[in-house]
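The model shown is predicted, which means the values in this text are computed figures rather than measured ones.
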Amino acid sequence: MLMFFSMTTLLSIILAIICFWLPLITPDTEKLSPYECGFDPHGSARLPYSMRFFLVAILFLLFDLEIALLLPTPWALQLPSPTTAFIWASILIILLTLGLIYEWLQGGLEWAE
């Protein structure tokens, strides 16, 4: 047991030292510059915000949330009445699919015009 804890501690310390030491070997100017929201960090700070970027980010968050909502479904199917969990999961998938089709038809997924 003592050997296990000493090895894990030693390995953690070695990995932490490597993580702090490795990026200092070759610093790159592009890696050191800040990058936020698709803007050029060296340009003007008064550029208009891209609404397309915002909409795509919101759509990504919406469909990423779907995974979090559907994650308990396999465990819910082990319940005494799995049909209820299956119905709710199916309703969620159908609603999100209809929303995706609507966004696609409205052109919300097109990055370039």
(message) Less than 4.5 Å apart, side chain to side chain, heavy atoms only: is that true for Trp88 and Leu92?
(response) no
(request) Drop me the distance from Leu96's CG to Leu65's CG, to the nearest 0.5 angstrom. (result) 8.5 Å
(request) Identify which one of Thr97, Leu95, Ile91 satisfies the side chain to side chain contact (heavy atoms under 4.5 Å, CB included) criterion when paired with Ile93. (result) Thr97
(request) Give, for atom CG of Leu62 and atom CD of Glu103, the distance between the pair rounded to the nearest 0.5 Å. (result) 9.0 Å
(request) Over all heavy atoms of both residues, which pair between Pro72 and Ala68 is shortest? Give the atoms and the distance, please. (result) CD-O, 3.7 Å
(message) Are Leu79 and Thr84 packed together at the side-chain level, in the sense that at least one heavy-atom pair is separated by less than 4.5 angstrom?
(response) no
(message) Once rounded to the nearest 0.5 Å, what's the spacing between atom CE of Met1 and atom OG of Ser6?
(response) 12.0 Å
(request) Enter the distance from Leu10:CG to Leu15:CG here, rounded to the nearest 0.5 Å. (result) 9.5 Å
(request) Give a yes or no on whether Phe60 and Trp104 share a hydrophobic cluster (residues Ile, Leu, Val, Met, Phe, Trp, Tyr; joining criterion: side-chain heavy atoms under 4.5 Å apart). (result) no
